[in-house]
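Beneath this line is the structure, given in structure tokens, with notes to follow.
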Amino acid sequence: MIGRIPFLRPAPFHSRFLPFAILNAMPRYNPAEIEPRWQAYWAENRTFACPEMPDLSKGKKRYILDMFPYPSGDGLHVGHPEGYTATDIACRFARMNGDSVLHPMGFDSFGLPAEEHAIRTGEHPRVQTARNIDNFTRQLKMLGFSYDWDRTIATTDEEYFRWTQGIFLIIYDTWFDPETRTGRPIGELPIPAAVNDQGSDAVLRYQDTYRLAYQDDALVNWCPALGTVLANEEVIDGKSERGAHPVQRLPLRQWMLRITSYAERLLDGLDDLDWPTGIKKLQQDWIGRSSGAEVDFFIGRDATALDLWRKARASSGFPATPTSDSLRVYTTRPDTLYGATYMVIAPEHPLVDRLTTADQKSEVDTYRSKASFKSDRERTEGDRAKTGVFTGSSAINPVTGKPIPIWVADYVLATYGTGAIMAVPAHDDRDFEFAVQFRLPVVAVVDPPMSLVNRDEVLAGHACFIGTGKAINSGSFDGLETESVKAAITQELSIHGIARAAVNYKLRDWLFSRQRFWGEPFPVAHEVDDQGKLTGIKRAIPEQQLPVLLPQLADFKPHGRPEPPLEKAADDWLYVTIDGKRHKRETNTMPQWAGSCWYYLRYIDPRNASALVDKAKEKAWMPVDLYVGGAEHAVLHLLYSRFWHKVLYDRGYVSTSEPFGRLINQGMILGEVEFTGFQSAEGKWVSSNKLRRDADGNRTDEHGNPVTSISVDESLVEKSGDSFVLCSDPAIRIDSRAHKMSKSRGNVVNPDVVVREYGADSLRLYEMFMGPLEATKPWSMTGVGGVRNFLDRVWRMIVDDRADTLTLSPHVADVRCDPEQARVLHSTIRKVTEDTASLSFNTAIARMMEFTNHFTRCDVRPREAMEAIVVLLSPYAPHIAEELWSLLCEGKQAAQGCASLQTWPKWDEAALVQASIELPVQVNGKVRAKIQVAPDANDEIVMQVALADSRVGAAIDGKTIVKSIVVSGRLVNLVVK
RNA sequence: GCGGAUGUGGCGAAAUUGGCAGACGCGCUAGACUCAGGAUCUAGUGCCCGUUAAAGGGCAUGGAGGUUCAAAUCCUCUCAUCCGCACCA
């Protein structure tokens, strides 16, 4: 429970402002009046309409994109405008520099919450989605973003998901050719003669096993609470990403996309992308490439059979699939093969039954059924002590020739590698832990460096060493370094048909079907026979019949079984005739990721009825030059859309191999900093460093009495040392922390409220002024007041706020800047230009504040400077800039146009030159004096001036100068003794 | 456990990439204008010593070392916080 103690909060802005507004002279800066007026002007004049094709005669093409939002019922969050404002500034800046800009916005509107709402209320998801989109649109327009609203799309639009289904069919029509490493039409898949002879159905079935979209019985993550299966990516700690409901493993027939075929290219493609290294790393880890070897171990102990097996292998070579008399493992450390003292197979491994001997059967069966009931969550929970049972069988270590036992244990995953491992306890800590627990032998085969403290223990088999070193106990490989042994052993065993070099990925194929209503239906149907049974043959819905619309459905409720709601559709939807044969439609729907995988392409040509995107337009606009969004999409959306894009690239639909050239993740905006104190039941304060936790995890004081956390006002605390204490009782320590915004915490900031009280320009400017775009930063309402204050100052710098109509301030005059004003003006133009280009918006704003501080103090404010600052400000605070621009241009020709269409100002280097500059003079690294020199003074002259300074003289008096450094234009440092 | 990021005043932050630490904003203090002010304007504001006041001096970028004429910035170790991943052989 979070309690609150009463304290004084300032009254809302409007109520404390209104009485004075009446008393004060008009017109003051009133965003509530200005902002809607200019938004209407932009809409009416289509000021920000994107060109169909870029005009490269004036500038570059710039495709600047925001990750489109899911239109939730809660409306915009202040986190949304952060990224949107950043891209908006970048776009406005680019346009003013002559670039052709594509800047669209849309909605990722399929998804679970709308369906859950429908289940709760009975309202069709379409209705709620439309309402939410309207609300989002209103909020986005209220913030003055320069989107081309004619290009907007929603993934739930029929004309949009017609193409999502179309792309699915392209993927379905593609197989991955490992020779060329590209996706090719399924018609080009070579069909073996034996298959061809069996007729067209056999060919179809054969092709199905190669398609990038295929059906498979997969162990899926079935979430009973949500009534759907989820992708691996949507399961966190064994719970659903959405709602944190428990997830079970269940075998089900599901659609999969063969993303693993593209693993290598998805990895390679990262190299050329201008993305944050952290995101690249996350994708690399998710793809999880490792290289090593696959090794076959002969099963059994029979020497004659082993001999035969060896001979057979030597002549046949390494078989593509393991023969029934061998157990195949994958290892990244083939160099440790001599140290493999036992083997482990996953409980789900197909060979478990065959390897289990009669006397071990009951034990293994018990273990296996227990493991199958364990969810992933339980498997990974707790101390993760190793468990396992012996199968009773053994295999032959191919290099030592010795028999080693085969165990079943759930620390080996069925879904990675071959589902079986060779265990090298001396050099793998998991194997070591297992070996210790079950008293299995440990043989060191890598000699750790002499510097390793427990080297002797490792050599004696009492400790584990996972690093590299020289091989020992490894026959003819002794003395070689790890890397050489890896290659040599793999090579040696390859010759004998026992091993081969292999690469493995953590990435799994993408589970692409969902048992939901509110998603894109699959454009595929299953052939049924006369009895209404599925024949196993699938056919694509013909292109001209797309889109496959969702059926009318009486209710959306899931039934707790993994069976899609679309099964309840009427027969006239469910059954369809293709090629004269009766088919039943696929009743799964696509996951929410589908629509977001390609929306950036549709924006380029959003109303095209005959293609997903026009080729010439695609070539002109792609790739996206700047993509801004939250880091939560680091692996999911960004990996999926790269995969789709590469398939479309291979199939000739797009011209670039990667969709997003540059990516920026805006940092999260946290709630306001909270000061939290703790009180016991009797109301006594408890210092936060004396808190304990009881058995249930509840906070208590040092005596075990329960305490309550209390939000304390900032004014009641003071800094003491490196923490905060209560002013009234400095012995009590208070925690200060900013938390994520959440409804339960009650610290969510609503953009509507901020706009109402401070204006959209203030919200935009504040979010950019808070700190670097990528940084996580806490909200501060007084900080919003600070930038509002700045805009008020800009207003008063230009507007006469004692007049009763909008009138230019008498200080603004048609004169030239004096040299000091010119220097401030041109250095501001330079700084704002450079910082805007590099997305360093916070420092650009700081510089505009300095400009305003300087010119506010000037009695004469040259019009040229005022016009320049208004133009510089316009990408950041476009509404006030338009209003001030219209005032500055009054009486001039209408040709001046609005501020948003002005040319970006250029700075004049000559104006930046100063008559003299100040240089610090250091003696032994400490500043002792400041001297004035000409900016182009050479080192000798600078030195002379420095030595002539009396304070410098005093500092070096009686000492000898050992060394003197002059850094031109920077400083002078004298080293004395 | 592994990986990544971050650490600078009371707070958000800046620092031309090794060259005057703390720009700009919030907050705070004082003054001016005011019947009034949480409006506006002016001045001050890292910490410590020092003095009536100055002048001066010292210490400061999580901590400890190092490189350098010079370190917030580079190197080594270490601590803390946040975010990912989590038996991937």
Side-chain angles (χ1 to χ4, degrees), chain A residues 10-11 13 16-17 19-21 23-24 28 236-237 276-279 281-282 285-286 288 290 292 329-333 336 344 379-380 384 386 409-413 415-418 420-424 428-431 433-434 504-508 631-632 634-635 668 670 673 714-715 717-719 722 724 736-738 766 769-772 774-787 789-790 792-793 796 801 831 834 840 842-843 845-850 853 856-857 918-927 930 962-965 967 969-976:
Chain A
F13 195 87
R16 65 188 203 244
F17 216 60
F20 312 117
L23 290 176
N24 276 304
R28 55 183 315 123
I236 294 162
D237 281 342
T277 49
I279 301 294
K281 188 105 193 12
L282 277 173
D285 289 351
W286 193 263
S290 72
V329 303
Y330 170 73
T331 177
T332 54
R333 291 294 298 270
T336 60
V344 184
R379 277 204 197 184
T380 55
R384 266 193 268 174
K386 298 281 183 290
D410 67 4
Y411 83 92
V412 170
L413 306 175
T415 46
Y416 182 78
T418 62
I421 61 156
M422 63 176 211
V424 186
D428 181 287
D429 35 27
R430 297 152 301 183
D431 296 345
E433 197 191 319
F434 192 81
N504 244 303
Y505 299 93
K506 286 197 227 176
L507 186 70
R508 315 285 160 77
E632 67 271 19
V635 278
M668 205 192 325
L670 305 176
V673 174
E714 197 180 344
S715 62
V717 299
E718 63 188 2
K719 186 93 177 181
D722 49 5
F724 287 90
S736 82
R737 215 154 96 99
Y766 171 65
F769 186 60
M770 291 170 89
E774 294 95 329
T776 304
K777 43 218 173 246
W779 186 266
S780 155
M781 217 43 112
T782 54
V784 185
V787 293
N789 205 2
F790 161 64
D792 282 329
R793 283 162 61 79
R796 288 194 304 268
D801 64 351
K831 180 78 174 154
E834 289 170 353
S840 309
N842 53 333
T843 49
I845 295 166
R847 184 64 211 181
M848 290 191 273
M849 289 173 169
E850 287 184 78
N853 290 344
T856 299
R857 277 189 282 263
E918 190 185 66
L919 283 192
V921 180
Q922 299 181 333
V923 176
N924 286 347
K926 293 206 165 70
V927 180
K930 304 223 166 144
V962 184
K963 193 168 183 181
S964 57
I965 295 111
V967 184
R970 291 265 144 251
L971 54 54
V972 177
N973 192 6
L974 303 170
V975 185
V976 299

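Every value quoted in this text rests on a predicted model; they were computed, and no experiment measured them. Chain naming here is simple, since letters A, B, ... match the order of the sequence lines and numbering starts at 1 in each.
Shown here, B:U17 is classed syn by the O4'-C1'-N9-C4 or O4'-C1'-N1-C2 angle, which is within 90° of 0. Taking syn as a glycosidic angle within 90° of 0, B:G9 qualifies as syn.
A donor-acceptor contact shorter than 3.5 Å links the side chain of A:Ser780 to the backbone of A:Gly783.
Here the side chains of A:Val962 and A:Val976 are not in contact, with every heavy-atom distance at 4.5 Å or above. Side-chain contact between A:Asp431 and A:Ile421 is present, with heavy atoms from C-beta onward closer than 4.5 Å.
Residue A:Asp429 is classed as having no contact, given no heavy-atom separation below 4.0 Å to the nucleic acid. Among the protein residues, A:Ser780 comes within range of no part of the nucleic acid, since none of its heavy atoms lies under 4.0 Å from any strand. A:Asn789 comes within 4.0 angstrom of sugar-phosphate atoms only, judged by non-hydrogen atoms across all strands, and of no base. Using a 4.0 Å heavy-atom cutoff across all strands shown, A:Thr277 reaches no nucleic acid atom at all. In this structure, A:Arg796 reaches the sugar-phosphate backbone alone: every heavy-atom distance under 4.0 Å involves primed, P, OP1 or OP2 atoms, never a base. Among the protein residues, A:Lys831 comes within range of no part of the nucleic acid, since none of its heavy atoms lies under 4.0 Å from any strand. A:Ile965 comes within contact range of at least one nucleobase, with a heavy-atom separation under 4.0 Å.
Counting only heavy atoms from C-beta on, A:Val967 has its side chain closest to B:G19 among B:G19, B:A89, B:C41. Listed nucleotides: B:C24, B:G58, B:A14. Nearest to the side chain of A:Lys926: B:G58. Of the candidate nucleotides B:U42, B:A89, B:A39, B:A89 has the atom nearest to the side chain of A:Thr331. Counting only heavy atoms from C-beta on, A:Glu850 has its side chain closest to B:C24 among B:C87, B:A43, B:C24. Of the candidates B:G4, B:A89, B:G25, the closest approach to any side-chain atom of A:Lys281 belongs to B:G4. Listed candidates were B:G12, B:C69, B:A89. Nearest to the side chain of A:Lys777 is B:G12. With B:A89, B:C24, B:C87 as the candidates, the nucleotide lying closest to the side chain of A:Ile421 is B:A89.
Nucleotide B:U68 holds its C1' atom 9 Å from the NZ atom of A:Lys963, rounded to whole Å. Between A:Asp410 atom CG and B:A86 atom P the separation is 16 Å, expressed in whole Å. As a whole-Å value, the separation of A:Arg793 CZ from B:C41 C1' is 9 Å. A:Met668 places its CE atom 17 Å from the P atom of B:A5, with the value rounded to the nearest Å. Between the CD atom of A:Glu632 and the P atom of B:C83 there is a distance of 14 Å, given to the nearest Å. Computed from coordinates, the A:Met848 CE to B:A23 P distance equals 19 Å when rounded to whole Å. Distance CD (A:Glu433) to C1' (B:C87): 9 Å, rounded to an integer number of Å. The CG-P distance, from A:Leu974 to B:C20, rounds to 16 Å in whole Å.
Nucleotides B:U73 and B:G9 place their P atoms 15 Å apart, quoted to the nearest Å.
When the side-chain nitrogen and oxygen atoms of A:Thr776 are compared with OP1 and OP2 of B:U6, none of them lie within a distance under 4.0 Å. For B:C82, one of the phosphate oxygens OP1 or OP2 lies less than 4.0 angstrom from a side-chain nitrogen or oxygen of A:Arg737. One finds a side-chain N or O of A:Asn842 lying less than 4.0 angstrom from the OP1 or OP2 phosphate oxygen of B:A14. Within the 4.0 Å cut-off from OP1 or OP2 of B:C20, not a single side-chain nitrogen or oxygen of A:Asn973 is found. Between A:Tyr416 and B:A89, a side-chain N or O to OP1/OP2 separation shorter than 4.0 Å is present. Remark: A:Arg970 is not in phosphate contact with B:A70, judged by side-chain N or O atoms under 4.0 Å from OP1 or OP2.
Checking A:Met770 against A:Gly288, the closest nucleotide of RNA chain B that is more toward the 5' end is the one next to A:Met770. Between A:Leu971 and A:Phe769, the residue anchored closer to the 5' end of RNA chain B is A:Leu971, taking for each the nucleotide with the nearest heavy atom.
Base pairing of B:U42: its partner is B:A30, meeting the Watson-Crick or G-U wobble criterion (both donor-acceptor distances under 3.5 Å).
Between A:Pro778 and A:Met770, the shortest heavy-atom contact is O-CE, 3.3 Å.
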